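Report on one structure; see the data block that follows.
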Amino acid sequence: MGWLNAYERLTLLPDLTVGAIHHPQSNLADFYRELVDIFAVSLKPSNRWGGFKALRERWLAHLDAARCCSSTKPRR
C-alpha cells in the first residue's frame with residue numbers, strides 16, 4: 001500500500017495532477033482511452049484524428065513542462 005500513500009501525498013501538491021493507468025496490459029485502444037481520461041481530452045469515435053491530435057498536443061505540452069522543471073536536462 002506504499003503507492004497509495006505516495007498518491008495521497010502527491011495530490012496535496014499544488015499545480016500537480018496525478019493520474020494512474022489501471023490496466024497497462026490491455027490492448028492499444030484501452031491504453032489510449034486511459035490516456036484520454038488522464039489528460040482530460042475529448043475523444044469521439046466520429047473524429048478519431050482530432051482526438052488523437054488533441055491528446056498528442058497535451059502530451060507534448062506535458063513533456064515540455066516536465067523537461068523545463070527538471071534539474072537534469074536531456075543530452076542532445
Side-chain angles (χ1 to χ4, degrees):
M1 288 294 188
W3 66 269
L4 184 58
N5 196 11
Y7 173 82
E8 291 169 349
R9 286 191 314 240
L10 288 172
T11 56
L12 297 175
L13 295 174
D15 299 326
L16 180 70
T17 302
V18 177
I21 296 178
H22 298 285
H23 303 287
Q25 73 279 6
S26 298
N27 63 28
L28 188 59
D30 293 334
F31 176 71
Y32 275 115
R33 282 188 203 100
E34 292 205 29
L35 285 179
V36 163
D37 288 341
I38 290 171
F39 285 100
V41 173
S42 177
L43 187 62
K44 297 178 182 173
S46 61
N47 188 7
R48 291 182 187 168
W49 172 246
F52 172 75
K53 189 175 173 184
L55 178 60
R56 182 182 60 198
E57 289 172 5
R58 184 79 55 102
W59 174 251
L60 291 174
H62 167 73
L63 290 178
D64 286 341
R67 216 175 316 165
C68 177
C69 299
S70 174
S71 61
T72 58
K73 300 286 182 180
R75 294 181 188 172
R76 288 190 177 202

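Please read all numbers here as calculations on a predicted model, not as lab measurements.
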With sequence neighbours left out, the residues meeting salt bridge (charged side-chain N to carboxylate O under 4.0 Å, His left out) with D30 are R33

List the residues meeting side-chain contact (heavy atoms from CB on, under 4.5 Å) with R56, not counting sequence neighbours, and say none if there are none.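 R56 satisfies side-chain contact (heavy atoms from CB on, under 4.5 Å) with W49, F52, K53, L60 only.
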
V41 versus A54, closest heavy-atom pair with distance: CG1-CB, 3.7 Å

Can you tell me which residue among D37, V36, L35 is in a side-chain contact (heavy atoms from CB on, under 4.5 Å) with F39? L35

